[in-house]
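We count ligands from 1, going down the list as the structure has it; atoms in each ligand are counted the same way.
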Amino acid sequence: MTALSYFCKMKLLDGKLSSQAVKDDLIVQVKELKQNGKRPPHLACILVGNNGASETYVASKVKNCAEVGFQSTLIRYNDEISEEELLIAINKLNNDEAVDGILVQLPLPKQISEQKVIESISPTKDVDGFHPINAGKLVQGFPTFIPATPYGMILMFEYFDIDTKGKNAVVIGRSNIVGRPMSVLLSGNYKYGNCTVTICHSHTKNLEEICSKADILVTAIGNPGMIKANMIKQGAVVIDVGITRVEDATALRGFRIKGDVDFDDVATKASALTPVPGGVGLMTIAGLLKNTMYAYLHKDQ
Ligand code: NAD
């Protein structure tokens, strides 16, 4: 807890605590599988090119798989790979009995259609939950893979026992990987759902006014520090999904990671707030690990 959050009596939604709880459960499950003579879940990650942020994300996914006892395979291609070659590689993984989950790190180089890649992954191994079949199931409330970031946020609500029932939730951002599925989950008839949801985007008028009525505000924009205290209802729960690299010559790597929320300002009004880094990013990995276990357990269905 930072000095400021202590002073403000604001609850820091620390992703280290909530993600470790998810990982501890998975470690127990993997131990049981091994005791019963079964192999652990296996995640295959495809990384195309040398994008710095993608390298970091994939390395973290591989490291976290090892931490919970999953097998993982990292398959790398240079950024000149053709779409056809990549689709063939995915098809091989689709047909590999020893692989439970397939993740293709986005973004991809221009010559490759991301949508074609998403649709080429078997819906039963789609641990990112981006395949239209799984997105459709999510909207209709059927069990399926939930995109890792929204899933991670729901797991965080569960860990910190955040009451969502009947609350006004505002989700800023309508992407297929964060904002839209999060709005679906929060509006669904689930323990950590049942909110009245407003979804905002780049064409929303009066963003400030809409946000200031939110009991729960989820922001997934990618504009560092844009969300200030004047946009927040007193006592709101604020979840910051934004991750932007901001140049900083004093930082070791020459940049810092910033969220959408002006943390110190919003901390004076929010009742609970996620830090960046150390919040939703860690829970996204937790969501991915849970999805990989789900793929393993449901592979014959
Ligand atoms: P995106 O670019 O697809 O979506 C951004 C959304 O913000 C769009 O829907 C757009 O309409 C909306 N937007 C832009 N300007 C706005 C404005 N002025 N007012 C209201 N809405 C506005 O991005 P994305 O993939 O959904 O990611 C959003 C952010 O979350 C990025 O910073 C990304 O890096 C981060 N992210 C973090 C995680 C994590 O694990 N923490 C995972 C995925 C994405």
With the criterion set at N/O pairs under 3.5 Å, what does the list of contacts between the protein and ligand 1 look like, atom names and distances included?
{"from": "ligand 1", "atom 1": "9 (O)", "to": "Arg174", "atom 2": "N", "distance (Å)": "2.9"}
{"from": "ligand 1", "atom 1": "11 (O)", "to": "Ser202", "atom 2": "N", "distance (Å)": "3.0"}
{"from": "ligand 1", "atom 1": "11 (O)", "to": "Ser202", "atom 2": "OG", "distance (Å)": "3.4"}
{"from": "ligand 1", "atom 1": "21 (N)", "to": "His201", "atom 2": "O", "distance (Å)": "3.3"}
{"from": "ligand 1", "atom 1": "21 (N)", "to": "Ser202", "atom 2": "N", "distance (Å)": "3.4"}
{"from": "ligand 1", "atom 1": "26 (O)", "to": "Ser175", "atom 2": "OG", "distance (Å)": "2.5"}
{"from": "ligand 1", "atom 1": "32 (O)", "to": "Ile243", "atom 2": "N", "distance (Å)": "3.0"}
{"from": "ligand 1", "atom 1": "32 (O)", "to": "Ile243", "atom 2": "O", "distance (Å)": "3.1"}
{"from": "ligand 1", "atom 1": "34 (O)", "to": "Ile243", "atom 2": "O", "distance (Å)": "3.0"}
{"from": "ligand 1", "atom 1": "40 (O)", "to": "Thr284", "atom 2": "OG1", "distance (Å)": "2.7"}
{"from": "ligand 1", "atom 1": "41 (N)", "to": "Val241", "atom 2": "O", "distance (Å)": "3.2"}

*Which heavy-atom pair separates Lys213 from Asn168 by the least distance, and what is that distance?*
O-CB, 3.7 Å

*asked:* I'd like to check Glu83 versus Ser113 (side-chain heavy atoms, cut-off strictly below 4.5 Å). Are they in contact?
replied: yes

*With a 4.0 Å cut-off, would you call Arg76 and Glu55 a salt bridge?*
yes

*Note, Thr124 side chain near Lys299 side chain (heavy atom, < 4.5 Å)*: no

_Between Asp100 and His42 (side chain of the first, backbone of the second, donor and acceptor by atom type, cut-off under 3.5 Å), is there such a pair?_
yes

*Within a strict 4.5 Å, meaning less than it, do heavy atoms of the Thr292 and Cys65 side chains meet?*
no

